[in-house]
Number of protein chains: 2
Amino acid sequence: MGTTIKDIAEKAQVSIMTVSRVMNNSGYVAEATREKVMKAVQELNYQPNLLARSLINRKSSFVYVIVPDISNPFYADLTKGVESVAHQEGYHIILSSAYWNVAMECGHIEAARGRMAEGIILVLPKLPEKEILAYSRNIPLVVVDKHIVSPRIANIYIEQDHGAGLGVEHLIALGHRRIAFLSGTKNIYNSQARFRGYRTTLEKHDIPFDQKLVFPGDFSFVSGTAAFEHFLTLPQTRRPTALFAASDLMALGFMRSAYQHHFRVPDDISVVGFDDISLASITNPPLTTVRHPYIEMGRDAMKLLLNKLDPEKHLSTGDKLFNTFVERETTKPLTAG
Amino acid sequence: MGTTIKDIAEKAQVSIMTVSRVMNNSGYVAEATREKVMKAVQELNYQPNLLARSLINRKSSFVYVIVPDISNPFYADLTKGVESVAHQEGYHIILSSAYWNVAMECGHIEAARGRMAEGIILVLPKLPEKEILAYSRNIPLVVVDKHIVSPRIANIYIEQDHGAGLGVEHLIALGHRRIAFLSGTKNIYNSQARFRGYRTTLEKHDIPFDQKLVFPGDFSFVSGTAAFEHFLTLPQTRRPTALFAASDLMALGFMRSAYQHHFRVPDDISVVGFDDISLASITNPPLTTVRHPYIEMGRDAMKLLLNKLDPEKHLSTGDKLFNTFVERETTKPLTAG
DNA sequence: TTGTAGGCGTTATCAA
DNA sequence: TTGATAACGCCTACAA
């Protein structure tokens, strides 16, 4: 506790510079001297103070990760991806939740600057793009899972139109034509993208779009249960035979409510979700969905940041990420009638 | 980027000390001077370097949180609890996953020391107690969710015997007497505690313990599905009418497999889990379980650490934490026959 | 009310 | 191959 380079120097009867050289394997040190130093290091259980080192190198090896809420499985997965690359490259991550609150986001960003963080990974921020741009002039910043227009902001984002189309294509291939859409939170870009994918895919197959088949939701489990109530209010003949939900949570909520009303999935109605959260494969029946690759997004975000920090090092972010379709057991072919 | 106290001093035509005083609201500063300084701060967008400050104060405001795997919902919840208290008190958390690997745990602990972390919250470590004790002499350390014998190690741990008993009591109250136990990973203290709770509760009610009704498992979803296969191998008359699983994940796996074999829960067999992970309330049907309060454990762990760091400040860790029974829809009274 | 000197633990630079 | 000195950005203690 509190052993410094000076203590080692004293104990080993050398100058602090020599100790420093040993610790960093830099410059020339006679083998005998090195051993003397190492012995002192062992005995005093010395560890260099990395903060002091940061001060002089201007390299803290800290990266801030700001997520909406770490207890949300999406962001936990994303964080895992970030962490795996970070540790591999010797960085440590400082985690903060901002709870969809602009003021908290700003607070965390300021804190990151103050702590000499080398960069920030900002997940689904509420902060307007303009302000993000302003911050990004002070500190390297990567925005994840939010659609960004400015080419000046580093960004990991998957255009989810295509992914949503995958889910709808599958339902259409099974013969469904009355396909409902359970939408995400209004005015969120991700919601809109998923909706666009739904609508354009319908059009591509000459299936008329019906506003009545668009159920309101907010990505949450309960909004899924509410959607089923909404479904019940539709006259029998106008009910959809399939549902495409903008999130797995809503799909699950819908299914739960359906079961309580003695509807069977997929027998009475097919359901496709979006996200592929870890629960999706565990539910009963397991949910057919569109996978949004959070872990990989986290990984790539960190790599992108690292490449910014050190242009020498070109970490490959692999191929561009995209959504993939995952067929499980909540869909089945439309039977006549 | 890189604005220092010197730049401000120069711009405001004052000494460094005056700037320092303004930034810290300490000592006397004439109002006019203060304004001059603040103006320079604004214009140059200055932020004090907290690492440099840490060096002097010997107070980094960093706390390391070392979990087995952040993408696991338990630990994400726990981390959330830690974070909520930490931020409130001005601390930042550095998150690391150790993946049940002793070497990684040690690595993270060393890193924490090197980074001048003020403390470590160590969740379910693999590290032997003796080594933890050794580390805890160098840096304040709180061990969470692992049973610790030594009174010298700060610890947040719930004796889960009692909680497990709650689940079994419920089944017994419903008339069940042939109650199976689906066990967790062998040789893990938590598994043993949950098993003890099962067994002693049985004995309390004069229900003979039957080793055949103890199914092996490892806390995972798949080990739950395997357990159902095991269940099927039992002769009809010797099958349990209820199952108490040492984890929700296993309970869910068991149920999934059960449904695939056209068994109904709770009609054909009652199921109780343990943990109350967020999925538990979302499944179909929602799972009756014993809640293990991860968020609260995280909160209390951080408070305990804070109290260690600053004995002046007595953050109440509230009442002692315990497991609670959560009744949902996977159990029902045993019907004659 | 303000400024000067010294140091926190480390490394870069230059000299020996 | 080693060591003295001056930084890094800031704060404490003391002086003016």
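Side-chain atoms are counted along with the backbone in the values below, which use heavy atoms only and exclude waters and symmetry mates. Letters A, B, ... are given to chains in the order of the sequence lines, protein chains preceding strands, and every chain is numbered from 1.
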> How many Å lie between CD on B/Glu35 and P on C/dT1, as a whole number?
Replying inline: 14 Å
> Of the non-hydrogen atoms in B/Asp69 and B/Ser97, which two are nearest, and what is the gap between them?
Replying inline: CA-OG, 3.9 Å
> To the nearest angstrom, how far is A/Tyr28 atom OH from C/dC14 atom C1'?
Replying inline: 16 Å
>> Protein within reach of the bases, or only the backbone? For nucleotides 11-16 of chain D, mark each nucleotide 5' to 3' as B, S or -, using heavy atoms under 4.0 Å.
In response: SBB---
> Quick one: is B/Thr33 getting a side-chain N or O under 4.0 Å of the C/dT1 phosphate, OP1 or OP2?
Replying inline: no
>> Under a 3.5 Å distance rule, please check whether A/Ser54 uses its side chain to pair with a backbone N or O of A/Leu50 as donor and acceptor.
In response: yes
> Please give, in whole Å, the distance from C/dT10 P to A/Asn25 CG?
Replying inline: 16 Å
> How close do A/Leu127 and A/Glu105 get, heavy atom to heavy atom, and via which atoms?
Replying inline: N-OE1, 2.9 Å
>> Does A/Arg113 qualify as a cation-pi partner of A/Tyr135, given the criterion of NZ or CZ under 6.0 Å from the six-membered ring centre and within 45 degrees of its axis?
In response: no
>> Just N and O in the side chain of A/Thr4: are any of them under 4.0 Å from OP1 or OP2 of C/dG9?
In response: no
> CG of A/Asn49 versus P of C/dT11: gap in Å, rounded?
Replying inline: 9 Å
> Through what angle, rounded to 10 degrees, does the axis of the helix from C/dT1-D/dA16 to C/dA16-D/dT1 turn between its ends, using five pairs per end?
Replying inline: 40°
> Once the angle between the rings of A/His147 and A/Tyr189 is folded into 0 to 90°, is it parallel (under 30°), tilted (30 to 60°) or perpendicular (over 60°)?
Replying inline: parallel
> Is it true that the side chains of A/Asn24 and A/Arg53 contain a donor and an acceptor less than 3.5 Å apart?
Replying inline: yes
> Mapping A/Gln47 and B/Gly27 onto DNA chain C by nearest heavy atom, which one lands closer to the 5' end?
Replying inline: B/Gly27
>> Show the nearest heavy-atom pair for residues A/Leu122 and A/Leu141, with the distance to one decimal.
In response: CD2-CD2, 4.1 Å
> Between A/Phe74 and A/His292, does the ring centre distance come in under 6.0 Å?
Replying inline: no
> Taking CG from A/Leu51 and P from C/dT11, how many angstroms apart are they, rounded to a whole number?
Replying inline: 12 Å
> So, is B/Lys6 near the phosphate of D/dC10, with a side-chain N or O under 4.0 Å from OP1 or OP2?
Replying inline: no
>> Take a 6.0 Å sphere around NZ of B/Lys39 and say whether it holds more than 12 heavy atoms from other residues, nucleotides or ligands.
In response: no
> How many Å lie between CD1 on A/Ile8 and C1' on D/dT2, as a whole number?
Replying inline: 18 Å
> Would you say B/Thr18 reaches C/dT2's phosphate, i.e. side-chain N/O to OP1/OP2 under 4.0 Å?
Replying inline: no
> Whole-Å distance between C/dT11 P and B/Leu55 CG?
Replying inline: 12 Å
